[in-house]
Amino acid sequence: MVSIRPAVSADCAPVSDIYRHYVEHTFATFDYEAPTRDAWEAKRAGIVAAGRPFLVAEDEGTVLGFAYLGSFRDKRAYAWTAEDTIYLNPDAGGRGIGSALLGALLEAADPDNVRQVIAVIAATGGEASIALHTKHGFAEVGRTPAVGYKFDQWIDCVYLQRPLG
């Protein structure tokens with residue numbers, strides 16, 4: 001039975017492993033190098049300290065995916081806007097875990113802390129993520145052509161947005 005809960009420090013190793021797959025094999029992230037477990041711990045701690053959720057999906061002690069609300073931009077005027085991030089273990093797709101994580105993430109967000117959630121999705125290979133966000137009330141608000149370069153290819157991004165509260 002899959003459960004969703006707040007991430008703890010011990011989850012940062014499997015989170016790092018899950019994310020590494022996407023760095024090394026997909027356009028889902030524009031990172032060229034996977035962050036270390038310690039970098040993930042710092043990120044998790046910072047997100048939690050900012051009053052935002054960082055969640056994991058777990059089945060029988062195995063982390064199958066994670067999701068969090070990070071900052072959208074560093075400027076103060078964007079303080080109430082968050083960018084969501086969701087990644088699943090590649091073997092965990094098609095079981096509704098991504099939908100459960102996104103639903104739980106939106107539910108856990110404090111509307112006094114987050115008014116808008118932005119999803120920035122690579123158009124190449126991002127069809128399932130776009131559909132997932134649309135299912136959860138996100139609307140496409142823009143596209144930026146050829147803004148990312150990875151694996152010798154220029155990639156467009158799709159921006160989706162959903163208000164909270």
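Residue numbers run from 1 in the order of the sequence given.
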- [ ] Drop me the distance from I118's CD1 to D84's CG, to the nearest 0.5 angstrom.
- [x] 9.0 Å
Task: Close side-chain approach of V2 and R95, heavy atoms under 4.5 Å - done: yes
Task: Co-membership, hydrophobic cluster, residues F72 and F138, 4.5 Å side-chain - done: no
Side-chain donor-acceptor pairs of residues 24-49 under 3.5 Å, sequence neighbours excluded:
residue, atom, partner, partner atom, Å
T26, OG1, Y22, O, 2.9
T26, OG1, A28, N, 3.1
T29, OG1, Y19, OH, 2.5
T29, OG1, D31, N, 3.1
D31, OD2, Y19, OH, 2.6
Y32, OH, Y149, O, 2.3
T36, OG1, D38, N, 3.4
T36, OG1, A39, N, 3.0
R37, NH2, S9, O, 3.0
R37, NH2, S9, OG, 3.1
E41, OE1, S9, OG, 3.3
E41, OE1, R44, NE, 3.1
E41, OE2, R44, NH2, 3.0
R44, NH1, A7, O, 3.4

Which pairs of donor and acceptor atoms, one on a side chain in residues 153-165, lie under 3.5 Å apart (sequence neighbours left out)?
residue, atom, partner, partner atom, Å
D156, OD1, A146, N, 2.7
Q161, NE2, Q116, OE1, 2.7
R162, NE, H136, O, 2.7

Task: Non-hydrogen side-chain atoms of H133 and I121 separated by less than 4.5 Å - done: yes
Task: Approximate separation, where rounding is to 0.5 Å, of L55 CG and S3 OG - done: 11.0 Å
- [ ] Could you grab the distance from atom CG of L69 to atom CG of N113, nearest 0.5 Å is fine?
- [x] 9.0 Å
Task: Separation between CG of L102 and CD1 of I97, rounded to the nearest 0.5 Å - done: 14.0 Å
TODO: Could you go through the side chain to side chain contact (heavy atoms under 4.5 Å, CB included) check for R52 and V114 one step at a time?
DONE: CA-CA 8 Å; R52 296 192 172 166; V114 177; 3.3 Å; yes
TODO: Just do the side chain to side chain contact (heavy atoms under 4.5 Å, CB included) check on I18 and F66 with the steps written out, would you?
DONE: CA-CA 9 Å; I18 290 167; F66 66 94; 3.9 Å; yes
Task: Derivation of the side chain to side chain contact (heavy atoms under 4.5 Å, CB included) call for S71 and E83 - done: CA-CA 6 Å; S71 62; E83 182 177 342; over 6 Å; no
Open item on the list: I need the F54 CZ to R5 CZ distance, nearest 0.5 Å.
Closed with: 11.0 Å
Task: Shortest non-hydrogen contact between A67 and L101, atoms and distance - done: CB-CD2, 4.1 Å
Open item on the list: Would L106 and V117 count as a side chain to side chain contact (heavy atoms under 4.5 Å, CB included) here? Give the steps.
Closed with: CA-CA 9 Å; L106 295 170; V117 179; 4.2 Å; yes
Open item on the list: Nearest 0.5 angstrom please: I130 CD1 to L132 CG, how far?
Closed with: 10.5 Å
